[in-house]
Amino acid sequence: MVTDRYGNPLFECTAEAAAHLDRAVEGLLFFRPEFPTAVADAVAASPTAPLAQAFSAYLGVLGTEPRDAAEARRRFTAYAADLDRSALPHRERMHLAAAEAWLGGDMGTAAHVLEELVVENPRDPLALAVGHQLDFFTGDATRLRDRIGGALPAWDADDPHRGPLMGMYAFGLEESGHYDRAQEVALAAVEQNPRDVWAIHAVVHVHEMRGRFADGIDYLDARLDDWASGTLLTVHSWWHYALYALEAGDTDTATRIYDAVLHHKDSSGFVMELLDAASLLWRFLLADLDQDARWQALADAWSARADPPYYAFNDVHAVMAFAGAGRLAEADAFLAERRRWLEHDDANRTTNHTMTAEIGLPVGEALVAYVRGDHETVVDLLWPLRRRVHTFGGSHAQRDAVQRTLLESALRAGRADLAGRLLGERAGLSPHSPYNWLGQARLAEALGEAGRAAVARDTANELAATAATRLHRRLHGPYLARTP
């Protein structure tokens, strides 16, 4: 029996297919856009190999594209129809069970099976990487951290693939609030592999969560050649740069990035890219900055997808696009369709069923209420959810669009009590954020505290000016010509 590069036996797999699987796993670990081709090559070389089929199934769900998932489910069902699973080695059976669970919409079971698998075999990078993404999609920060952390001791320091696992671990550390340790581990991973974009991404998240936007700008500037093109995280990394620009008050740079990378006439239409576009424009909307032409084009792209219920996190961003474009009837119809699905799908309760009922629908309704100017309703909907919104997936940075919506509505509804509480929480965690200090200034003005408002506004301006200086160092040259 052949083995992979990690010493794991591969059932009914040829040496050629094993080489393709090794290439596919490495591509997945480093977010290389060519890794799906390696998966297809492995299946073609050994169509009965369980691990190749499981990897192909994972590929169908990792992008959260409902049509890809449906096609992967069709292929997997055909493969598994006459399969004698009792004849398979335990590792292959568990991978097939995890893939089958995720294809059936049970993300929790898939995550659990893969966690049990790495307890038995911590040197299974496919189980680690896919499980890590499942933890991200379900917003499970503790497991996002510990799934990888528990396996790392089984990997030698000189193993070339320990680095990307460290990058995953760093992201889990960041999402669970261990910022110093997260940055330490992520920087060590990048030192091993300069183009480890997931580790770079972890450093970027640490700066984002700490409100250290000037430091984030400097870091991305210094590593431009490693992240700015040619990876599956290219668009998302530029989204982070645009967030830094917005925080520094440089809306021109943020819109240039949007037009060059996030959404334009040649954009792929992939849901992961549309998510970033919607969440960036929503931050413009919260700042009362008109982006109508961009909103209309983005809403058209979401509308053209006509997605069935699949992942509530994606649905919320579709509602952002429709509401941001002022197409409230379309947003209402979208939400109504999701309600009907919940009412008539009781016999098939998937992970997304729970996500939609508990988080997706109320958040979507709050976004529409915000655009209608019904800020009391926004507060009523989001205040009870603010500590549970992570359960429908994504990162703290991504979900901050929802948290900021609650804060903005609390301020605009005159709810000084709630706004003060929210701002206190935010400033305590991120005292270097200009946005948080501007919020403090707005609250102080509403309360008639002119002196405190002036101090807060001066602090915000000073922090933003520091970041803006570092932005202008590169962005007023040929820098954005480097965008893909």
Side-chain angles (χ1 to χ4, degrees), residues 57 60-74 76-77 99-111 133-134 136-140 269-272 274-275 278-279 282 298-325 327-372 377-378 380-382 384-385 388-394 398-399 401-402 405:
V61 288
L62 281 167
T64 71
E65 292 279 358
R67 288 163 184 78
D68 290 350
E71 175 59 23
R73 187 162 52 247
R74 183 196 65 75
F76 186 87
T77 300
E100 188 170 46
W102 196 351
L103 288 169
D106 188 349
M107 300 170 79
T109 293
Q133 291 302 313
L134 271 164
F136 173 65
F137 291 144
T138 55
D140 190 339
F270 291 152
V271 70
M272 292 294 191
L274 295 180
L275 294 174
S279 69
W282 191 257
L298 183 62
D300 286 344
W302 277 104
S303 184
R305 292 178 58 86
D307 285 332
Y310 183 70
Y311 185 40
F313 188 80
N314 295 355
D315 288 348
V316 162
H317 288 79
V319 174
M320 272 184 196
F322 299 141
R327 289 151 60 161
L328 299 184
E330 196 167 353
D332 289 338
F334 184 95
L335 292 169
E337 195 279 332
R338 293 305 189 255
R339 284 190 209 96
R340 286 191 294 272
W341 171 70
L342 288 175
E343 292 168 1
H344 299 296
D345 196 44
D346 286 343
N348 184 30
R349 286 189 175 272
T350 62
T351 303
N352 186 53
H353 193 287
T354 302
M355 286 179 171
T356 300
E358 296 184 358
I359 307 295
L361 265 179
V363 170
E365 291 165 355
L367 300 176
V368 175
Y370 186 91
V371 172
R372 287 196 166 109
T377 294
V378 175
D380 289 343
L381 287 166
L382 295 185
L385 299 180
R388 292 192 294 114
V389 72
H390 66 278
T391 59
F392 85 143
Q398 290 173 307
R399 294 187 301 266
V402 177
T405 302

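Residue numbers count from 1 along this sequence.
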Has the side chain of Glu71 got a donor or acceptor atom that lies under 3.5 Å from a matching backbone atom of Gly60? no
Flag, side chain of Thr109 to backbone of Ala101, donor-acceptor distance under 3.5 Å: no
Kindly list each side-chain donor-acceptor pair under 3.5 angstrom involving residues 355-363, sequence neighbours excluded, with atom names and distances?
residue	atom	partner	partner atom	Å
Thr356	OG1	Asn352	O	2.8
Thr356	OG1	Asn352	OD1	3.4

Only one of Thr138, Val271, Leu275 clears side-chain contact (heavy atoms from CB on, under 4.5 Å) with Phe313; which? Leu275
By side chain to side chain contact (heavy atoms under 4.5 Å, CB included) - contacts of Glu100 (at least two apart): Phe76, Arg85
Full working for salt bridge (Lys or Arg N to Asp or Glu O under 4.0 Å) between Asp68 and Arg73: CA-CA 9 Å; Asp68 290 350; Arg73 187 162 52 247; over 6 Å; no
Between Tyr311 (side chain) and Pro66 (backbone), is there a donor-acceptor pair under 3.5 Å? no
Any residue meeting side chain to side chain contact (heavy atoms under 4.5 Å, CB included) with Ala329, in chain and number order, not counting sequence neighbours: none
Look at the side chain of Arg74 and the backbone N and O of Ala69, then say whether any donor-acceptor pair between them is shorter than 3.5 Å. no
Determine yes or no for a side-chain-to-main-chain donor-acceptor pair under 3.5 angstrom, with Thr351 supplying the side chain and Met107 the backbone. yes
Salt bridge (charged side-chain N to carboxylate O under 4.0 Å, His left out) filter on Asp300, not counting sequence neighbours, yields Arg327
With sequence neighbours left out, the residues meeting salt bridge (charged side-chain N to carboxylate O under 4.0 Å, His left out) with Arg67 are Asp307
Between His353 and Trp341, does a ring-ring contact (aromatic ring centres under 6.0 Å, His included) hold up when you go through it step by step? CA-CA 9 Å; His353 193 287; Trp341 171 70; 5.4 Å; yes
Kindly state each residue pair satisfying salt bridge (Lys or Arg N to Asp or Glu O under 4.0 Å) with at least one member in residues 308-322, sequence neighbours excluded. Asp315-Arg338
